[in-house]
Amino acid sequence: MLDVEAVRRDFPILGRTVRNGRRLVYLDNAATSQKPRVVIEALKHYYEHYNANVHRGVHTLAEEATEAYEGARAKVARFINAPDSRSVIFVRNTTEALNLVAYAYARRELKPGDEILLSIMEHHSNLVPWQLVARETGAELKFLDITEDHRLDLSQLDRLLTRRTRIVALTLMSNVLGTINPIKAVARAAHDVGAVMVVDAAQAAPHMPIDVQDLGADFLAFSGHKMCGPTGIGALFGKLELLERMGPFLGGGSMIRDVHLTYSEWNDVPWKFEAGTPNIGDAVAFGVAIDYLEGLGMENVRRHEKELLAYALQRIAEIEGLEVYGPKDPEVQGGIISFNYLGVHPHDVGTVLDSEGVAIRAGHHCAKPLMRRLGVVATARASFYIYNTKAEVDAFIQALARVREIFSHVP
Ligand code: 7TS
């Protein structure tokens, strides 16, 4: 079990007040999480004590920085049960990780007539890179739909997955619906037709145990900033044999073994994909964030959020005139609730909640095709993390009642 009060004390920002002197209730964790003191301190410690460039210096600081940077890579690998830390490439975020796969793998492997299978619940960063690949290679995009209860519609899998399918790219957890997708089953089916499985774990990695081997992921992408780490650092896992086969993403320093005037030879994996000076300080702090989460235990994280979600779903059902999206089942849903008040724009809902100290997100959540599928332009979204409490869910529900008062004239 999580000791939530102890966890809260680790996050300095949770002590601050916001509008109207209200204590912050931070329920926008799907956008980015807050940072524990150990992560903030790790950044400061790096810059105060061993800031140096990596992989090149012979001096003490350079050695220490390299050891910390490569140590962080090993932590990321362990966190997702990667068999080898060379399978982990540091990138800026999930978006960059998915673009790396699209650019350095798909763009070179695919040809006209090949197919890429996605779903309609994808974040734009797991859609647009594939649109670019399709345009360049002549490959075709196919989409899995969602069911009435907002799960992935697997009844269409057999029809959509063919010998022409070369890539299946899906989110493990929807950032709008909270739906946790059965990636393991899809990966097995994808491998049966010879396709590679790309997993967007931006929402899943912060909130549940991830095992790339058990999932059957060929590539898996996630961001440090949604899981207690700094912004500007994320990771791409790739199976070694695929990474070895791939050409580079960006060209420049560090990614080469030898350079001549007219041609070059590439460095080993993973450095082949890390051109230029990497984000050393943030990578080290990302490693500390992973230590922090592992200290709590990812099973405990998931259990805590399941409980919060169950409680929030029960309380939100008490409110009239509210449409709630997603499976509404904590067994297959992360700590995310998207909803709409009938007749009230979600931005107005967000503004009223903010005046009560409750931070949520309102908008299309970078999932415009899903918004269209749901028949809305936007939703309001509350998303939970390790430091949220049932009392905060109550504050959220109470703030929703305030929305009702203010907009009571709306039919
Ligand atoms: N994939 C999913 C499922 C996401 O939720 C996000 C970010 C991304 C990819 C992209 O991550 P990034 O770190 O590269 O930006 N989602 C959100 C969100 O729901 N609200 O703000 C960012």
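First listed ligand is number 1; within each ligand, the first listed atom is number 1. Bear in mind the structure is a predicted one, so any value in this text is a computation, not a measurement. Note that the numbering runs from 1 along the sequence shown for the chain.
Backbone and side-chain nitrogen or oxygen atoms of Asp200 are examined, and one is located within less than 3.5 angstrom of a nitrogen or oxygen of ligand 1.
Between Phe90 and Tyr69, the ring planes lie tilted relative to each other; the angle falls in the 30° to 60° range. Note on ring orientation: taking the six-membered ring where Trp is involved, the planes of Tyr292 and Phe11 are perpendicular (angle over 60°, cut-offs 30° and 60°). Using bins of under 30°, 30° to 60° and over 60° for the plane-to-plane angle, the ring pair Tyr46/Tyr50 lands in the perpendicular bin. Using the six-membered ring where Trp is involved, Trp271 and His55 have ring planes that are perpendicular, over 60° apart on the 30 and 60° scheme.
Heavy-atom proximity to Thr171, at under 4.0 Å, picks out these atoms of ligand 1: 3 (C). Ligand-side atoms of ligand 1 in range of Ala202: 1 (N), 2 (C), 4 (C), 6 (C), 8 (C), 9 (C), range being under 4.0 angstrom from any heavy atom. Proximity to Thr94 (heavy-atom distance under 4.0 Å) selects the following atoms of ligand 1: 9 (C), 11 (O), 14 (O).
In this structure, the protein non-hydrogen atom closest to atom 15 (O) of ligand 1 is Thr95 OG1, 3.8 Å. Scanning all protein heavy atoms for the shortest distance to atom 18 (C) of ligand 1 gives Arg361 NH1, 3.4 Å. The protein non-hydrogen atom at the shortest distance from atom 9 (C) of ligand 1 is Ser125 OG, 3.1 Å.
The residues Arg315 and Glu318 are annotated as salt-bridged, a charged nitrogen and a carboxylate oxygen being separated by less than 4.0 angstrom. The residues Asp354 and Arg19 are annotated as salt-bridged, a charged nitrogen and a carboxylate oxygen being separated by less than 4.0 angstrom.
A side-chain donor from one of Thr379 and His365 sits under 3.5 Å from a side-chain acceptor of the other.
Remark: among candidates Glu96, His225, Gln203, the nearest residue to atom 5 (O) of ligand 1 is Gln203, based on non-hydrogen atoms.
The shell of residues lying under 4.0 angstrom from ligand 1, judged by heavy atoms, includes Lys226.
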